Amino acid sequence: MRLILLGPPGAGKGTQAAFLVDNYKIKQLSTGDMLRAAVAAESEVGLKVKGVLERGELVSDELIVSLIADRIEQDDCANGFILDGFPRTIAQADALGELLNSKSMGLDAVVQLAVDEGKLLERIEKRARESAEVRSDDNAEALKKRLAVYREQTAPLIEYYGERGMLKTVDGMQAVDKVASDIEAILKAV
Ligand code: ADP
(Lines give C-alpha, C1' and ligand atoms only; values in the text may rest on other atoms or scores of the structure.)
Protein backbone atom coordinates (compact mmCIF):
# COMPACT_ATOMS: atom_id res chain seq x y z
CA MET A 1 0.00 0.00 0.00
CA ARG A 2 1.39 3.37 -1.05
CA LEU A 3 -0.49 6.53 -0.21
CA ILE A 4 -0.29 10.25 0.01
CA LEU A 5 -2.08 12.10 2.79
CA LEU A 6 -2.94 15.57 1.64
CA GLY A 7 -4.22 18.45 3.73
CA PRO A 8 -3.22 21.75 5.33
CA PRO A 9 -1.25 22.03 8.57
CA GLY A 10 -3.48 20.87 11.40
CA ALA A 11 -5.71 18.69 9.19
CA GLY A 12 -4.79 15.58 11.16
CA LYS A 13 -2.41 13.89 8.72
CA GLY A 14 -0.04 12.73 11.44
CA THR A 15 -2.84 11.31 13.61
CA GLN A 16 -4.35 9.35 10.72
CA ALA A 17 -0.95 8.19 9.49
CA ALA A 18 -0.33 6.62 12.91
CA PHE A 19 -3.49 4.45 12.53
CA LEU A 20 -2.53 3.42 9.02
CA VAL A 21 0.94 2.40 10.15
CA ASP A 22 -0.64 0.03 12.66
CA ASN A 23 -3.33 -1.34 10.36
CA TYR A 24 -1.30 -1.87 7.23
CA LYS A 25 2.21 -2.34 8.65
CA ILE A 26 3.52 0.33 6.36
CA LYS A 27 5.93 3.14 7.09
CA GLN A 28 4.95 6.76 7.71
CA LEU A 29 7.30 9.11 5.91
CA SER A 30 6.73 12.57 7.35
CA THR A 31 9.02 15.04 5.64
CA GLY A 32 8.38 17.51 8.49
CA ASP A 33 9.56 14.91 11.06
CA MET A 34 12.56 14.03 8.90
CA LEU A 35 13.58 17.68 8.64
CA ARG A 36 13.03 18.34 12.36
CA ALA A 37 15.21 15.32 13.15
CA ALA A 38 17.93 16.71 10.88
CA VAL A 39 17.73 20.08 12.65
CA ALA A 40 17.92 18.41 16.07
CA ALA A 41 20.94 16.35 14.97
CA GLU A 42 22.59 19.51 13.58
CA SER A 43 23.44 17.58 10.42
CA GLU A 44 24.47 19.37 7.24
CA VAL A 45 20.88 19.24 5.96
CA GLY A 46 19.61 20.34 9.38
CA LEU A 47 21.78 23.42 9.48
CA LYS A 48 20.71 24.32 5.97
CA VAL A 49 16.96 24.09 6.63
CA LYS A 50 16.64 25.35 10.22
CA GLY A 51 15.77 28.95 9.34
CA VAL A 52 13.44 27.92 6.53
CA LEU A 53 11.44 25.71 8.91
CA GLU A 54 11.29 28.40 11.58
CA ARG A 55 9.84 30.88 9.10
CA GLY A 56 7.24 28.40 7.85
CA GLU A 57 8.63 28.47 4.31
CA LEU A 58 9.30 25.45 2.12
CA VAL A 59 12.72 23.87 1.71
CA SER A 60 13.83 23.35 -1.89
CA ASP A 61 12.07 20.77 -4.03
CA GLU A 62 15.46 19.29 -4.88
CA LEU A 63 16.43 18.65 -1.28
CA ILE A 64 13.12 17.12 -0.28
CA VAL A 65 12.86 14.93 -3.39
CA SER A 66 16.33 13.50 -2.80
CA LEU A 67 15.44 12.83 0.84
CA ILE A 68 12.33 10.88 -0.21
CA ALA A 69 14.11 9.09 -3.05
CA ASP A 70 16.65 7.66 -0.59
CA ARG A 71 14.01 6.82 1.97
CA ILE A 72 11.53 4.81 -0.11
CA GLU A 73 14.28 2.45 -1.23
CA GLN A 74 14.99 1.25 2.27
CA ASP A 75 13.88 -2.18 3.45
CA ASP A 76 11.36 -0.87 5.97
CA CYS A 77 9.35 0.58 3.06
CA ALA A 78 9.03 -2.76 1.26
CA ASN A 79 5.41 -3.14 2.45
CA GLY A 80 4.58 0.37 1.39
CA PHE A 81 4.47 3.85 2.84
CA ILE A 82 2.34 6.87 3.67
CA LEU A 83 3.68 10.16 2.45
CA ASP A 84 2.78 12.82 5.01
CA GLY A 85 3.81 16.36 4.07
CA PHE A 86 5.09 15.37 0.63
CA PRO A 87 4.51 16.26 -2.16
CA ARG A 88 3.80 19.88 -1.33
CA THR A 89 4.29 21.50 -4.73
CA ILE A 90 3.41 20.53 -8.30
CA ALA A 91 7.13 20.14 -9.05
CA GLN A 92 7.43 17.66 -6.16
CA ALA A 93 4.39 15.74 -7.41
CA ASP A 94 5.92 15.51 -10.89
CA ALA A 95 9.22 14.35 -9.41
CA LEU A 96 7.46 11.75 -7.27
CA GLY A 97 5.60 10.45 -10.32
CA GLU A 98 8.87 9.99 -12.19
CA LEU A 99 10.56 8.44 -9.19
CA LEU A 100 7.82 5.86 -8.68
CA ASN A 101 7.66 5.13 -12.39
CA SER A 102 11.37 4.49 -12.54
CA LYS A 103 10.99 1.93 -9.75
CA SER A 104 7.82 0.46 -11.25
CA MET A 105 5.93 1.41 -8.10
CA GLY A 106 2.33 2.61 -8.25
CA LEU A 107 0.40 4.85 -5.88
CA ASP A 108 -2.77 3.32 -4.44
CA ALA A 109 -4.47 6.54 -3.44
CA VAL A 110 -4.15 10.18 -2.56
CA VAL A 111 -6.33 10.83 0.48
CA GLN A 112 -7.29 14.42 1.05
CA LEU A 113 -8.35 15.47 4.54
CA ALA A 114 -10.77 18.29 3.85
CA VAL A 115 -11.02 20.75 6.71
CA ASP A 116 -12.60 24.06 7.49
CA GLU A 117 -9.71 26.49 7.14
CA GLY A 118 -11.19 28.84 9.71
CA LYS A 119 -10.73 26.16 12.38
CA LEU A 120 -7.12 25.32 11.59
CA LEU A 121 -5.37 28.05 13.52
CA GLU A 122 -7.38 27.04 16.57
CA ARG A 123 -6.43 23.36 16.12
CA ILE A 124 -2.74 24.05 15.69
CA GLU A 125 -2.64 26.43 18.63
CA LYS A 126 -4.32 23.77 20.77
CA ARG A 127 -1.77 21.18 19.61
CA ALA A 128 1.04 23.59 20.44
CA ARG A 129 -0.34 24.11 23.96
CA GLU A 130 -0.88 20.41 24.64
CA SER A 131 2.23 18.97 23.09
CA ALA A 132 5.28 18.29 25.21
CA GLU A 133 7.64 19.13 22.40
CA VAL A 134 7.43 22.74 21.24
CA ARG A 135 7.79 23.27 17.51
CA SER A 136 9.69 26.37 16.56
CA ASP A 137 7.18 27.00 13.75
CA ASP A 138 4.02 26.82 15.89
CA ASN A 139 4.01 30.55 16.57
CA ALA A 140 1.42 32.92 15.10
CA GLU A 141 3.66 34.36 12.40
CA ALA A 142 5.07 31.07 11.07
CA LEU A 143 1.60 29.52 11.23
CA LYS A 144 0.13 32.23 9.04
CA LYS A 145 2.97 31.67 6.60
CA ARG A 146 2.47 27.86 6.61
CA LEU A 147 -1.22 28.27 5.82
CA ALA A 148 -0.51 30.79 3.06
CA VAL A 149 2.14 28.51 1.53
CA TYR A 150 -0.34 25.63 1.69
CA ARG A 151 -2.99 27.63 -0.16
CA GLU A 152 -0.62 28.82 -2.85
CA GLN A 153 1.64 25.85 -3.44
CA THR A 154 0.02 22.71 -2.05
CA ALA A 155 -3.73 23.14 -2.56
CA PRO A 156 -3.25 22.94 -6.38
CA LEU A 157 -2.33 19.28 -5.85
CA ILE A 158 -6.01 18.57 -5.12
CA GLU A 159 -6.81 19.36 -8.73
CA TYR A 160 -3.60 17.69 -9.94
CA TYR A 161 -4.49 14.33 -8.41
CA GLY A 162 -8.19 14.84 -9.09
CA GLU A 163 -7.49 15.11 -12.82
CA ARG A 164 -5.49 11.91 -12.62
CA GLY A 165 -8.40 10.09 -11.00
CA MET A 166 -6.43 9.37 -7.82
CA LEU A 167 -7.99 11.74 -5.31
CA LYS A 168 -10.20 10.48 -2.48
CA THR A 169 -11.63 13.05 -0.13
CA VAL A 170 -12.51 12.53 3.52
CA ASP A 171 -14.22 15.03 5.81
CA GLY A 172 -11.42 15.82 8.25
CA MET A 173 -13.68 17.84 10.56
CA GLN A 174 -15.30 14.66 11.90
CA ALA A 175 -14.22 12.87 15.07
CA VAL A 176 -10.78 11.22 14.78
CA ASP A 177 -12.16 7.64 14.65
CA LYS A 178 -14.78 8.55 12.07
CA VAL A 179 -12.07 10.05 9.85
CA ALA A 180 -10.04 6.85 10.36
CA SER A 181 -12.96 4.57 9.46
CA ASP A 182 -13.76 6.65 6.37
CA ILE A 183 -10.15 6.31 5.22
CA GLU A 184 -10.26 2.58 5.86
CA ALA A 185 -13.40 2.23 3.75
CA ILE A 186 -11.71 4.09 0.90
CA LEU A 187 -8.60 1.94 1.07
CA LYS A 188 -10.64 -1.26 1.06
CA ALA A 189 -12.14 -0.17 -2.22
CA VAL A 190 -8.88 0.70 -4.05
P1 ADP B 1 2.74 21.21 8.93
O2 ADP B 1 2.28 21.06 10.35
O3 ADP B 1 2.86 22.66 8.54
O4 ADP B 1 1.97 20.36 7.98
P5 ADP B 1 5.21 19.60 8.56
O6 ADP B 1 5.61 18.97 9.82
O7 ADP B 1 4.66 18.72 7.48
O8 ADP B 1 4.24 20.78 8.92
O9 ADP B 1 6.43 20.41 7.92
C10 ADP B 1 7.12 21.39 8.67
C11 ADP B 1 8.02 22.23 7.76
O12 ADP B 1 8.97 21.37 7.08
C13 ADP B 1 7.32 22.98 6.63
O14 ADP B 1 6.78 24.21 7.05
C15 ADP B 1 8.47 23.14 5.63
O16 ADP B 1 9.36 24.16 6.03
C17 ADP B 1 9.22 21.83 5.76
N18 ADP B 1 8.73 20.81 4.81
C19 ADP B 1 8.11 19.65 5.14
N20 ADP B 1 7.80 18.94 4.04
C21 ADP B 1 8.22 19.68 2.98
C22 ADP B 1 8.17 19.50 1.58
N23 ADP B 1 7.60 18.42 1.03
N24 ADP B 1 8.71 20.47 0.79
C25 ADP B 1 9.27 21.56 1.32
N26 ADP B 1 9.34 21.80 2.63
C27 ADP B 1 8.83 20.87 3.47
Side-chain angles (χ1 to χ4, degrees), residues 2-18 20-21 27-72 81-100 107 110-117 119-158 160-161 170 172 176 179:
R2 296 184 204 97
L3 327 163
I4 295 175
L5 279 181
L6 194 59
K13 300 185 297 290
T15 305
Q16 296 302 329
L20 295 166
V21 164
K27 197 75 195 165
Q28 173 191 7
L29 303 181
S30 157
T31 43
D33 285 351
M34 287 156 76
L35 294 170
R36 281 186 289 277
V39 170
E42 299 182 341
S43 68
E44 201 178 314
V45 168
L47 294 173
K48 200 149 120 191
V49 304
K50 186 169 188 276
V52 179
L53 258 69
E54 277 169 3
R55 290 191 296 275
E57 296 166 1
L58 293 185
V59 311
S60 75
D61 290 333
E62 206 182 4
L63 186 150
I64 210 84
V65 168
S66 80
L67 222 69
I68 286 288
D70 288 344
R71 198 58 197 80
I72 63 175
F81 46 80
I82 306 155
L83 296 172
D84 162 9
F86 175 90
R88 237 176 171 94
T89 64
I90 299 277
Q92 291 180 15
D94 283 339
L96 174 67
E98 280 169 26
L99 186 66
L100 293 176
L107 264 184
V110 178
V111 178
Q112 178 206 3
L113 296 179
V115 288
D116 174 352
E117 286 220 13
K119 300 271 164 60
L120 287 175
L121 266 178
E122 224 172 274
R123 270 198 187 186
I124 305 172
E125 282 166 350
K126 181 164 177 272
R127 175 178 76 189
R129 277 196 307 274
E130 290 172 358
S131 149
E133 165 205 350
V134 181
R135 273 176 60 166
S136 63
D137 60 350
D138 271 349
N139 58 72
E141 204 180 330
L143 265 175
K144 256 179 71 188
K145 180 74 189 171
R146 279 155 60 202
L147 287 171
V149 168
Y150 174 80
R151 270 181 224 121
E152 280 162 30
Q153 309 218 51
T154 311
L157 293 179
I158 295 168
Y160 179 99
Y161 286 115
V170 169
V176 169
V179 178

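Because the structure is a prediction, the values reported are computed rather than measured. When a ligand or atom number is given, it counts from 1 through the structure's own listing order.
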- prompt: Is there a donor-acceptor pair under 3.5 Å between the side chain of R123 and the backbone N or O of A11?
  reply: yes
task: Run the salt-bridge test on E54 and K50 with the 4.0 Å N-O cut-off and return the result as yes or no.
output: yes
- request: Drop me the distance from L3's CG to L107's CG, to the nearest 0.5 angstrom.
  value: 8.0 Å
- request: Side-chain contact test, heavy atoms from C-beta onward, threshold under 4.5 Å: evaluate it for P8 versus T154 and give yes or no.
  value: no
query: How far does CZ of R135 sit from CZ of R36, to the nearest 0.5 angstrom?
result: 3.5 Å
- prompt: ligand 1: which residues have a non-hydrogen atom closer than 4.0 Å?
  reply: P9, K13, T31, G32, L35, R36, L53, E57, L58, V59, I64, G85, F86, R88, Q92, R127, R135, D137, R146
message: Around atom CD of E62, are there more than 12 heavy atoms from other residues, nucleotides or ligands closer than 6.0 Å?
response: no
